[in-house]
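Okay, so here's the structure we're looking at.
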Protein chains: 2
Amino acid sequence: MLSAGLPQGTVPKLERPGPLRERVYEALLELITTRALRPGQHLVESELAGHLGVSRQPVREALQRLNTEGWVDLRPAQGAFVHEPTEEEADQLLTVRTLLEAEAARLAAANAGSAGIAALEELCAKGEAAVADGDVDLVVATNAAFHAKVMELAGNVVLAELAAQVDRRVRWYYTPVARQRGKQSWIEHRALIAAIAARDEAGATEVMRAHTEHTRKTYHERETP
Amino acid sequence: MLSAGLPQGTVPKLERPGPLRERVYEALLELITTRALRPGQHLVESELAGHLGVSRQPVREALQRLNTEGWVDLRPAQGAFVHEPTEEEADQLLTVRTLLEAEAARLAAANAGSAGIAALEELCAKGEAAVADGDVDLVVATNAAFHAKVMELAGNVVLAELAAQVDRRVRWYYTPVARQRGKQSWIEHRALIAAIAARDEAGATEVMRAHTEHTRKTYHERETP
DNA sequence: AGATTGGCTTTTGTCTACAGTTTACCGAGC
DNA sequence: GCTCGGTAAACTGTAGACAAAAGCCAATCT
């Protein structure tokens, strides 16, 4: 009975610094997604290390991870280069995202309980409010949280991990476009919640597929002008 | 005119040692998939380093990569542990595999040319021969090559990368079961080729789905006795 | 004048060393 | 007999140093 008198929330995990490589990883990811590091740019380990105030080793480890996740290309004996996004690759990413998210929606419709549905509605309300305020960053963040919640309700950890990878990369391309699609997107989210609540697997799949395909189309329309 | 007098084949790429971390990575992956390193086992960096005749650093980098790909669990300040496969996780992996492979089959049906179909038939013949010979390892390898070829014909690089990750992990669980399913599996492959050659997207999707689902069922039947 | 070769600089790849943290063990006290 | 505290060992996390490979520029030879 160790946990007898311990109220759960009061011990806030004793905020540890955590491994340096993690923080370096997040810092670099931030720099890449915000375009502070431009695509194709050559990343010199010692520069990054000096700039972040750490040694080269954590930087190396962070770069390795970024490499496996597709953010940087690691050419042997030559170093790391920020990945250059292709139009073709963006389309493929969005296609795969559609596939994964649609399956997640189906599984969520099959498995979700009332608590999960309530959580989705809460996020949806938050997102709509953010749209009304014109807070683009919050809209994007809430959108990600919504999709992550659907993924959680699907209950497939492997699927969730893959989708998380894909989603982060998608968001890189997607963020500039978020503004255009704001309102319609959350209407579709409402439709998705309805399908999930009705335990309509086919319906949820189709709604999510249409939703993400819609996003993909929007992305392609944006670039021509 | 540098390459004037150099016959192409005679210079066999000058077998470069390649980055150490790569070789360490492959060595560890081999040790894990062959169960020389048992699930749940604690991997000590210095031990591995000494055993492989290298320093700790390449080992660390290899472990990081194995971590992101789900082969080992990397607990902070405690080290690396060989991932312990759960029944639930195996099922989830096979489910995701079904999803990815089915989509690949659809895209292959949409995009494949006659050359690609010929390559598939060739692999299929090779696989059937391997089954006849009872060469399990070759069966598994050829099966992987067949699915990889379908993935290649689909022409979606992102999808291929994800599927490659999933497939490698699936093969870990799957290899012991390969013997049971030998013959029937290649009959289904033939059906898949037919659907792709007919450019029947829906048909190819369904054949592949049935094929991989069949594999999943076989896996679950095996473990109860 | 062009191409090539040589050396020089930069950057990566690897190794060794040190500090911090966690875990396990062992003894003392209740 | 059980629990608590302290000590010690082992391992990870990080830093710094050294060697090797790749790219670049200039000088030289054809």
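Of the candidates dT12(C), dC15(C), dT12(D), the closest approach to any side-chain atom of V54(B) belongs to dC15(C). Comparing dT12(C), dT22(C), dC15(C) against the side chain of A77(B) picks out dT22(C) as the nearest. When the nucleotides dG23(D), dG13(D), dT14(C) are ranked by their closest atom to the side chain of R56(B), dG13(D) comes out on top. In this structure, of dT12(D), dT16(C), dT14(C), it is dT16(C) that holds the atom nearest to the side chain of S55(B). Closest contact between the side chain of P58(A) and the listed nucleotides dT11(C), dA15(D), dC15(C) involves dA15(D). Ranking dG13(D), dC15(C), dG13(C) by closeness to the E45(B) side chain, first place goes to dG13(D).
For H42(A) and dT12(C), the NE2 to C1' distance is 9 Å, given to the nearest whole Å. Put simply, CD on Q57(A) is 14 Å from P on dT16(C), counting in whole angstrom units. Following rounding to the nearest Å, Q64(A) (CD) and dT14(C) (P) show an atom-to-atom distance of 10 Å. What separates CZ of R75(A) from C1' of dG13(C) is a distance of 17 Å, to the nearest Å. Atom CZ in R21(A) sits roughly 13 Å away from atom P in dA15(D) (whole-Å rounding). In this structure, F81(B) atom CZ and dT22(C) atom P are separated by 14 Å, rounded to whole Å. Atom CG of L43(A) is separated from atom C1' of dT11(C) by 13 Å (rounded to the nearest Å). Spacing between atom OH of Y25(A) and atom C1' of dG13(D) amounts to 20 Å, rounded to whole angstrom units.
Ring pair H147(B)/H189(B) is perpendicular by interplanar angle, where above 60° counts as perpendicular and below 30° as parallel.
In terms of position along DNA chain D, the nucleotide closest to G53(A) lies nearer the 5' end than the nucleotide closest to the other residue of the pair Q78(A) and G53(A).
Looking at every heavy atom in both residues, W71(B) comes nearest to R168(B) through CH2-O, 3.5 Å.
Put simply, R60(B) has a side-chain N or O that comes within less than 4.0 Å of OP1 or OP2 on dG13(D).
Between E213(A) and R216(A) there is a salt bridge, with a side-chain nitrogen of the basic residue lying less than 4.0 Å from a carboxylate oxygen of the acidic one. With salt bridges taken as basic N to acidic carboxylate O contacts below 4.0 Å, none links R23(A) and E30(A). Between K149(B) and E121(B) there is no salt bridge, since no side-chain N of the basic residue sits under 4.0 Å from a carboxylate O of the acidic one.
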